[in-house]
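One structure is given below, encoded as structure tokens.
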Amino acid sequence: MNTNETQSDIWRWMPDQMSTFASNVDGLFYFILILCVIFFTLIVGAMVYFVVKFRRRTDQDETPLIKGNHTIEIIWSVIPGILLIAIFTWGFVDWMKLGTVPPNALDVRVEGYKWAWSFVYPEGIVSGELVVPVGKPVKLTMSSKDVLHSFYVAEFRIKRDVLPGRYTVQWFEATDTGEHWVQCTEYCGTSHSKMIAKVKVVSQEEYDEWISTGGGMGDDVPLADLGKMLYEQRGCVACHSLDGSKVVGPTFKGLYGVERKFTDGTSAVADDNYLKTAILAPNDTVVEGFSPVMPSFQGQLNDRQISALIEFIKSVSQ
Ligand code: CUA
């Protein structure tokens, strides 16, 4: 249900309105847009008209001495003044709503890092996808592990900076089920454009089911499949290719069982132990030709998930 059938076609150029904020945000946007169009037309129209009407026709034409007109000056000061106060009040009231989290909100912690998002649920689930129930307020407490990022979901009309060293808070309530994208809207390095995550708005029943099965990471998922899922969801994909191409980090193609040379002159064979260390303490040894930029996944992945990633790397190495 990504399309909103009630919206008329003329407004199609905006993303669908999928949160309780969306129509307010769009309303203010259109109000300002229409005002600008009206005033642009009036001002430029008057300018063109005066240029033509009062142009210098002969060499004897003289510009008359104009001393001002109080009536006109008051009109063009007071009317825009009232409009600006209206825009401010409208914006301020909505902005306060954006900042006031309802007490019954569902708590989700958001961590941004180069270059992925992870979502931590009170039940202990760490997910690469933001799964939320429809019609329920969700509070996001956000922080960054490294540099400035920004959390943006177009359909919800929400965007807030995600900072290292302090929390920022954002909330929303989705009005319909469907899938959207979280995008990073603060330039944060090489793979900034790949710093995306899926938002899934589901029914309360589906949400409860998702929580009770450990966020889709259950024991019934085969290791290599789970590894593939984690590879895509947890941001590995932003830096490690599967086709041999060099991105930010080494490719996974042909990686398993091969000798790796490190920047400190040492070397090791990429076996299970090496891969586990590389995931948990990635910058202890850095492969030649690369920089120590990978975040640690200590505490982010459990043992089964680490095994799953290793199995996945094995499966794509052959
Ligand atoms: Cu994170 Cu751009």
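Counting begins at 1 with the first residue of the sequence. All ligand and atom numbering here is 1-based and tracks the order in the structure.
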Check: When rounded to the nearest 0.5 angstrom, what is the spacing between CD in Gln17 and OG in Ser23?
Finding: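 Going from the CD atom of Gln17 to the OG atom of Ser23 covers 5.5 Å.
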Margin query: To the closest 0.5 Å, what do you measure between CE (Met47) and CG (Leu42)?
Written below: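 If we round to the nearest 0.5 Å, Met47:CE and Leu42:CG are 12.5 Å apart.
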Notebook entry, point to check: Among the N, O or S atoms that His149 has, which is closest to atom 1 (Cu) of ligand 1?
Noted result: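 It is ND1 of His149.
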Notebook entry, point to check: Can you tell me if an N/O/S atom from His192 lies under 2.8 Å from atom 2 (Cu) of ligand 1?
Noted result: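 Given the 2.8 Å cut-off, His192 counts as a ligand of atom 2 (Cu) of ligand 1.
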Next item on the list: Compute whether any side-chain donor of one residue and acceptor of the other, for Asn69 and Glu73, lie under 3.5 angstrom apart.
Entry: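 On atom types as modelled, these side chains do not qualify, holding no pair under 3.5 Å.
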Next item on the list: Taking atom 1 (Cu) of ligand 1 as the vertex, measure the angle between atom SG in Cys184 and atom SG in Cys188; round to 10°.
Entry: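 Once rounded, the angle between the two atoms at atom 1 (Cu) of ligand 1 is 120°.
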Note to self: What is the name of the N/O/S atom of Glu186 that is nearest to atom 2 (Cu) of ligand 1?
What the structure shows: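 The nearest such atom is O.
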Next item on the list: Return yes when atom OH of Tyr167 has more than 12 non-hydrogen atoms of other residues, nucleotides or ligands closer than 6.0 Å, and no otherwise.
Entry: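 No, not enclosed.
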Notebook entry, point to check: Counting heavy atoms not belonging to Arg166, are there more than 12 under 6.0 Å from its CZ?
Noted result: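 Result for CZ/Arg166: open.
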Checklist line | Heteroatom test (N, O or S) for Met195 near atom 1 (Cu) of ligand 1, limit 2.8 Å | finding: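 An N, O or S atom of Met195 is closer than 2.8 Å to atom 1 (Cu) of ligand 1, so yes.
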